[in-house]
Visitor: 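Dumping the structure here so I can ask a few things about it.
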Amino acid sequence: MVRKALITGITGQDGSYLSELLLEKRYEVHGVIRRTSTFNTDRIDHIYTDPHSDNARLFLHYGDLTDGTTLRRILETVKPDEIYNLGAQSHVRVSFDSPEYTADTVGMGALRLLEALRDYQQRTGLDVRFYQAGSSEMFGKVREVPQLEETPFYPRSPYACAKVFAHWQTVNYRESYGLFACNGILFNHESPRRGETFVTRKITRAVANIVAGKQQKLYMGNIDAKRDWGYAKDYVQAMWLMLQRKQADDYVIATGETHSVREFLDIAFNYVNLDWQDYVAFDERYLRPAEVDLLVGDASKAKQELGWKQTVSFEELVKLMVEADLQVLGLVSPNGNSKFAVSDNATTRNKSRTLIA
């Protein structure tokens, strides 16, 4: 029997990589997308098949984490075996400007989905496995280094507060109602599909634009902040592994290394033989009201129990992202056809027809 997965946030970085992974594993994949005046499916357009083909296994449904009624209807329609809740207003700096919306989509959105799932399972008797996308931002002003599953949370943004709420609701539904519900506490994970307003992609796009003569300056906030950066494609593998366990649990997914934004700049600009100090300027508008200075995780539990491991180093990740943004502009890196040539940059592929259920 074909397994079915339902993904909120399917059009995002993680949703697109997870869709590819699940389709490779012969799942039927269903995604929830918000109704907008234009399609925002660039990251997944390349994996659509002909919707009339017998091989069509990716379907989209209009819905929103702020609309519990629609979520219940989608559950009834899809009848999923696994649910991956990746949908969110996920930009930390933006959450300070839109705290209520962030709390509603990130925190209450998870609760609406959990409650819909609880009701669905009670009525149907069908077992569904649930993954909640947590965040290292929940650790915020860290209580210990490195951060583990048991490290106390100290959120420093509306986004992080909402993620903490969603985390504990997931634990509560697991313990109170016996749902198979897992939290993945994922540290920063990047790729060529990262949103263009996030600091890593902002840097790599700027590098490509500077090389192309389309940009002169890159304006940044706190470049001394330190993060644990991994490759998104590795991290969605961990999501899937969590839902294959006999018992639900929570896992930190991280590389165990911390690097500053300054280091990211250094590698990115050096890759095209430029000095970042000639192009980067400070802009206080990019500072957060409350900063998170250091995040670094310990994924020992995930490595031991899930068999998870990272495959891409920090330096390789930076170079891979720069290479992808150079390719988008039709540029060749100084290294020519290097090992960082990109094959998973969905934005460079031809779009195909989309199917909305």
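Computed over heavy atoms, backbone and side chain alike; hydrogens, waters and symmetry mates excluded.
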Visitor: Are side-chain N/O atoms of Q89 and T105 paired as donor and acceptor at under 3.5 Å?
Guide: no
Visitor: Using only atom types and a distance under 3.5 Å, with no angle test, would you say the side chain of R156 pairs donor to acceptor with the backbone of G140?
Guide: no
Visitor: Verify whether one side chain among H30 and E28 offers a donor that lies under 3.5 Å from an acceptor in the other.
Guide: yes
Visitor: Establish, from distance only, whether the side-chain atoms of D224 and S260 form a donor-acceptor pair under 3.5 Å.
Guide: no
Visitor: Please determine, by modelled atom types, if Y279 and Q215 share a side-chain donor-acceptor pair under 3.5 angstrom.
Guide: no
Visitor: Using the six-membered ring of Y286, assess whether NZ or CZ of K202 lies under 6.0 Å from its centre and within 45 degrees of the ring axis.
Guide: yes
Visitor: Does NZ or CZ of R194 come closer than 6.0 Å to the centre of the six-membered ring of F198, within 45° of the ring's axis?
Guide: yes
Visitor: Can you tell me if T8 uses its side chain to pair, donor with acceptor, with the backbone of L86 under 3.5 Å?
Guide: yes
Visitor: Do any N or O atoms from the side chain of R205 and from the backbone of V322 form a donor-acceptor pair under 3.5 angstrom?
Guide: no
Visitor: Less than 3.5 Å apart, any donor N or O on the side chain of T151 or R143 sitting next to an acceptor on the other?
Guide: no
Visitor: Between D228 and T255, does any side-chain donor sit less than 3.5 Å from a side-chain acceptor?
Guide: yes
Visitor: Tell me yes or no: between the side chains of Q310 and D234, is some donor less than 3.5 Å from an acceptor?
Guide: no
Visitor: Between Y27 and W240, do the side chains contain an N or O donor and an N or O acceptor separated by less than 3.5 Å?
Guide: yes
Visitor: Hey, are E115 and Y173 close enough side-chain-wise for a donor-acceptor pair under 3.5 Å?
Guide: yes
Visitor: I'd like to know if the side chain of T66 pairs up with that of D104 as donor and acceptor (distance under 3.5 Å, no hydrogens or angles considered).
Guide: no
Visitor: Can Q244 and E82 be counted as having a side-chain donor-acceptor contact under 3.5 angstrom?
Guide: yes
Visitor: Counting only N and O atoms by type, is there a donor-acceptor contact under 3.5 Å from the side chain of R57 to the main-chain atoms of L23?
Guide: yes
Visitor: Quick one: NE2 on H167 to OG on S135, what's the gap to the nearest 0.5 Å?
Guide: 12.0 Å
Visitor: Side-chain contact, heavy-atom cut-off 4.5 Å: K79 with Y120?
Guide: yes
Visitor: Please assess W308 against Y251 for the test ring-ring contact (aromatic ring centres under 6.0 Å, His included), listing each intermediate value before the final yes or no.
Guide: CA-CA 11 Å; W308 177 81; Y251 295 90; over 10 Å; no
Visitor: Output yes when a side-chain donor or acceptor of D64 lies under 3.5 Å from a complementary backbone atom of D67, and no otherwise.
Guide: no
Visitor: Taking atom types as modelled, is there a side-chain donor on Y271 or E323 under 3.5 Å from an acceptor on the other?
Guide: yes
Visitor: Tell me whether R288 is salt-bridged to E137, with the criterion being a basic N under 4.0 Å from an acidic carboxylate O.
Guide: yes
Visitor: Any luck finding a side-chain donor-acceptor pair between H259 and E315 under 3.5 Å?
Guide: no
Visitor: Could K141 and D293 be called an ion pair, given the rule that one side-chain N must be under 4.0 Å from one carboxylate O?
Guide: no
Visitor: Using the side-chain hydrogen bond (donor to acceptor under 3.5 Å, both in side chains) rule, pick out the option among R193, R43, H46 that qualifies with S16.
Guide: R193
Visitor: Test the K233-Y17 pair against the cation-pi criterion, namely NZ or CZ under 6.0 angstrom from the six-membered ring centroid and within 45° of the ring axis.
Guide: no
Visitor: Hey, does the side chain of S313 reach the backbone of E316 with a donor-acceptor pair shorter than 3.5 angstrom?
Guide: yes
